[in-house]
Each structure stands twice: as structure tokens, then as C-alpha cells.
Amino acid sequence: MWDYTDKVMDHFRNPRNVGAIPNADGTGQVGSLVCGDALKLTIKVNKDTDVIEDAKFETFGCASAIASSSILTEMIKGKTIAEASKITNQDIADALGTLPAEKMHCSVMGMEALEAAVKSYRQGGQPVVFEQQEEKIVCHCFNVSEETIIKAIRANHLKTVDDVTHFTKAGGGCGRCKGEIQKILDKVNGASAAPATGEKKPFAQMTVVEKIKTIELVLEEDVRPKLNMDGGSAELVDLDGTTVKIRLTGMCSGCAGAAGTLKNFIEKTLKEKVDPSLTVEQA
Amino acid sequence: MKVIYLDNNATTQCAPAVVEAMLPYFSEKYGNASSMHTFGGNNRHVIDHARQQVADFIGAAHADEIIFTSCATESDNTAIFSAVRTQPKKKHIITSAVEHPAIMEPYKYLEAKGYRVDFIGVDSLGRFDMERFKNVLDEDTALVSVMWVNSETGTIFPIAEIARLTHEKGALFHTDAVQAVGKIPVNVQEAGVDMLSLSGHKFHGPKGVGALYVRRGTLFMPYLMGGHQERHRRAGTENVPYIVGLGKAAELAQKRLTDGTTERIAALRDKLEKGILATVPDVKVNGDPEHRVPNTTNISFGYIEGESILMYLNDLGVCASSGSACTSGSLEPSHVLRAMGVPFQFAHGSIRFSLSDQTTEADIDLVLKELPAIIERLRKISPFSRLAA
Ligand SMILES: Cc1ncc(COP(=O)(O)O)c(C=O)c1O
Ligand code: FES
């Protein structure tokens, strides 16, 4: 069950301005049946003053999609085109109180439909389908462009791939594009925030936490799978300088070959994959 | 507001008689079943009685084939890891593409650890792809785990046949029967399964207790190691009240299978389904109508979104669930409906109604009375409705 605000529920139960304005001055569309949500926004504009006199919506989607669309029509009525163009997805979410993180993309959809409707008005009223500008689609599952992702990161100070998924849906399908999303995040937020992926820091210069993480990763990927086959496992207990203290567990713990496993297998693997200075001791 | 509970595949109400049976074991009869004194030791007999009740319920030959667990998720994990750990040379495992995450996630974990994994697909009615299964099954297969009944559509898989084929190649067969027990007769001997998982809260027992059936003679390795409980097969002090509750729930569920209750539930389900089909345009029933449990119907409403339907139903006190992306926060519609190839305009608008013996005719009548207006309202808001008209 989502934690929807009373405002969301009110606009969901009693959506305002449902429908389509005949001969609208601007029509913006976004989304599709495949995506699971879609919005068609029509506006009537006073050509002399540029004021939006009426707005109506049709939405396919969940409660928060319907509420976002409904409140958007209220927000833009009476505003000039220039004023309305400044509305961001965050404004829509704020007007509703708030939206669950996973539902932020509903407010983004509102902003995109508005953008398309404004463009349609400026072009003389021909309906405009919101399009990821002609450039790189990063997420093919949800057809999300690099630009949409960059905008969302900047506007909402997004930090992680999950954040980006909550706001744009990118990465929420097959997950194939997550690596690329991380790269965009790194680019926008500056490489400082990025977890080291490329060149490795020399072991001696790492912080203790980084050292432990590096060792833990090798244990997980290279050591435990082998031990698991014999019904055992290994735990990192402590790191004292270059001495790694490890406890063998499960079937390995009482096993006569434990000392051999530690030296010949685990120590060897860690020397090879992490740093030649490391030695392993039984904890 | 009265709650009209049509979400019994998610969980059921713990029956009053079950609660009553459990209560003394929280308070005055709190002893540890492993103790040497009579006060605690008496609870050993109580547990043995529950074990017999569960064994009878699923047609097990021996009560000692039942291991009590903390939930079906634990039963599923135990079965899978036992099967691979006891057969370390075999590197292939098979399941279906429509399992519960309690099966899916361990399988994906093992895949990442280097196992060859086959997720057998289903056709548009949700039927198991037997041909593909026969093609991938081989001597390297350690385990085949296929659910008895699908939780979302209620489709029943031909478990006996899958088990037979599995054994021909010398692999172990496990079934997640969480959605089968209590809804249809389940007999482990007739079906020929090696291991079976069940969960108390799906048939009017308490949450947080389940069982794993392990046929005598089956290779087995415990998942939880520690004390000697459950004959060294599941460590941890026995949860006496919950085990008592599970036994009682099994006994009651068994009665309901033969006293006409099942037929009454099926009639109500059919009334609901037929009523919706007759009054709402652009709907589609998901699942195999020929092989389906009596309490479940999964219906897709074209051109609208499931969460919105659920929220309007919720305002009327009606509880159901949806395979829509929006309800799970996963952005993708249910993996079960997608595996069946249900088109997107229908997958997003799917609603599962699951009944129980507590469902009344009045409940169904209310849904039939209110639902058409809800659907019409949402279709009015939808930009696609004119496509449908
Ligand atoms: C098919 C299936 N397997 C496993 C489970 C998990 O059961 P439990 O909640 O007892 O872990 C469920 C219930 O959600 C289920 O429907
Ligand atoms: S490509 Fe982005 S989730 Fe599949």
C-alpha cells in the first residue's frame, strides 16, 4: 500500500478537468500503453494575452498519475504560457503534498505533457507527442533519453541509480542500462561521488574501509563459491595491518584441512587478487 | 465499513478454532519440547500430533517426513540448497518462469554462482511448456522445482507428470504447493514428489509457520544448523503454538475439501467471473480455465491501470490485488502475466480476486454491482478508451 497524501487521494477520487478540449490550442501527449502510464493534456489559450484559459486531461495510469494530471490542470489555468513553462515536476509533487519516491515519474510525466502542449500551442495547435529529443536513448525498456536523465539528476539532486529509476523509470526494466545510468550520474555529479570502478587504488593507500571492502569482494566472488561446494564458508573477522583474520565456518570449521585451506587457497587468492603483502591467519 | 476480503491468495484469516487451539501454548503450556521434564516434554506429543495432522493432510506415508519451518520461503530455500549441496557434481537446475520469488531468487543466486539454470516458460493460458522441459532435462540436472498452483492465475500444473519425468533422469523433484494445499486435494505419494513446501497462513492457519515434506530416503542437508530439533533437519526451538495452529488448520482444511465447501467457493467464483464478463466490455480472463483452483479468478480490464481499480475498490472496502506494475513499485507488470504473453494494455489492468470459505454471496453481489461503474469511470479518464469503444 502506498502512502498517498490526502491531496493525492482527493484528486484521484475527484479528478478535476477530465476530458479533451475540442479544437484545443495546444495538445501534448506523453507515454504509451506499453509503459503503463500515459497522459494527454489539452489547453485553450487566449491568443492576445497568452493566458491559459482552460486545461483538460486524460490519463491512463495509477492513482498518483491521475492525481498529478488533475492538479497540473489546476496549476496552469490562469497562468501565461511563459509562467506555466516554468513548472517543474517538483512543483507538481509539492502541490500534492508529496509523492512516494517510486512514483515521482508520475509528476515527471505531467511536466513532459505540459512541455509538449506548450510546444503544440507555439506551433499552431498541431498535437505534439513528447519526445525524447533526437539523441541517445539510454533505457530501451522505457525509452528514456540521456537528456531526460540528466535533467532529472540536476533538478532533483539524484545520487544513485535507484533514484534515477524512481524519477524517470530508466533502469526499472531489464536493468541492462544501469551501468550507463551510473556513468551519467558520475558525469553530472562529478567523478568525486563515484565509487572507484576504473583504475584501482594501490592497496596501501586505501582507507581501512576500502581495504575491507576489497577483501570482502574477493572472498565473495572467488573464495566462498569454492568453499560452499564443500558445505562451508569463510568470514572476514579482522584486518590488522596486512594480516587478514579469517574464520572458517560450516563444514570447513572442524575440517582437518582447515589450515591448508587458509594458507594454500585463501591466502594465495588474496595475494593474487588484492595485494602480495597480505597474510592470512585463523581467527 | 465492512471489509470484503477477496485477497485470500495473499493471506487468509486465522480461523477462530485455530487461534483457540494455539492459545494455551503461549501461556500456561510454555515448556520447551526438548526438555527432560514432563512439563516441557509433553509438548513433544503435541508437536507429534500436529505432524500427523499435516502428514494426513498431504497424504504423506510417515509423519517423520514433515519438517516444521518458519514459513514457506524457508521451506523453499531449504529444499533448493539441500538439493544442490547434496549433489555437488550436478550443475544444472530447472524451474518455471512463473514461480514465487522464494524460488526465483535462490535460483538466480545459483545461476550467478555458475549453475546452468532453465526457467521453463508457459503458453498464453499459463500452461507449462512440457516439450521444452523434456528437452533441457538431463543427467546433470540436480533439481526440478515447479509450483503446484500459480498464485496469480490459479493455474494448476501437471505435477505428477513433471515429477515422473524428473525421476527418469535421476534428479530430485520439489514443488512449492503453497497455493495448492487447502484448495485442491494434494497427495505427495500419488504425485510422486520428493519435497513439498506449504505455508500455514494460506489456509486459515497462522502466519510465520510452514512445513517442508521430505520423502524418506531423499538426500537432505539442513539449511539452519544448530540444535538437534526436527531430527537434526531444522535447528531452532520448536514454535509450539504455531505448530499446533498449523496442525489444526490442516485438519480443518482437509474437511473443507470434502464437505461441499470447495464447490460452494467455486460457484461464487464462477458467478463473479461470469457477472463481470457479462457487464464489462473489453475484459479477459487470465489462466487455464480447464485446470484452475476453485477460488481464484484473474481478470484483465483493458485500457486502464490496475492500481487505480484497486484504490476505487478499496474505497468500498473491497480487498483484491493486481499484477499491475504500479502496485509493486517494480515498474513492470507481473512476471507471470508477461511470461504468458498477456498484451500490455491488458497486463497493466489485471485484478486477482481470490475467495475463501468466508466469502458470501452478498460480497460477490456488491462487487458485481459496483465494479462496472468503477471501470467506466476510469475508462472515461483514459486517453485510450476511445480505442476500445
Ligand atoms: C507460491 C508461494 N510460495 C511461497 C510463498 C511464501 O510463503 P511465506 O509467506 O509463508 O513465506 C507464497 C506466499 O506469498 C506463495 O504464494
Ligand atoms: S534498458 Fe533500461 S531497464 Fe531495460
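Side-chain atoms are counted along with the backbone in the values below, which use heavy atoms only and exclude waters and symmetry mates.
Here the closest heavy-atom approach between residue B:Ser308 and residue A:Ile66 is recorded as OG-CD1, 3.7 Å. The two residues B:Pro383 and A:Lys40 have their closest heavy-atom pair at CB-CB, 4.2 Å. Here the closest heavy-atom approach between residue A:Phe60 and residue B:Ser382 is recorded as CB-OG, 4.0 Å.
The environment of B:Lys207 atom NZ is dense: over 12 non-hydrogen atoms of other residues, nucleotides or ligands sit within 6.0 angstrom. For B:Lys2, the NZ atom counts as densely surrounded, since its 6.0 Å shell holds more than 12 non-hydrogen atoms of other residues, nucleotides or ligands. Counting non-hydrogen atoms of other residues, nucleotides and ligands closer than 6.0 Å to CG of A:Asn14 gives a total above 12.
Taken from CG in B:Asn314 to CE in A:Met9, the straight-line distance is 7.0 Å, to the nearest 0.5 Å. For the atom pair CD1 (B:Ile381) and CG (A:Leu39), the distance works out to 12.0 Å, reported to the nearest 0.5 Å. Atoms CZ and CG, from A:Arg13 and B:Asp315 in turn, are 3.5 Å apart once rounded to the nearest 0.5 Å.
Heavy atoms closer than 4.5 Å to chain A are found in both the backbone and the side chain of B:Tyr312.
A:Glu221 and B:Lys113 are not joined by a salt bridge, as no carboxylate oxygen comes within less than 4.0 angstrom of a charged side-chain nitrogen.
Between chain A and the options B:Arg85, B:Met311, B:Arg377, heavy-atom pairs under 4.5 Å are most frequent for B:Met311.
One N or O on the side chain of B:Glu307 and one on the backbone of A:Ala63 form a donor-acceptor pair closer than 3.5 Å.
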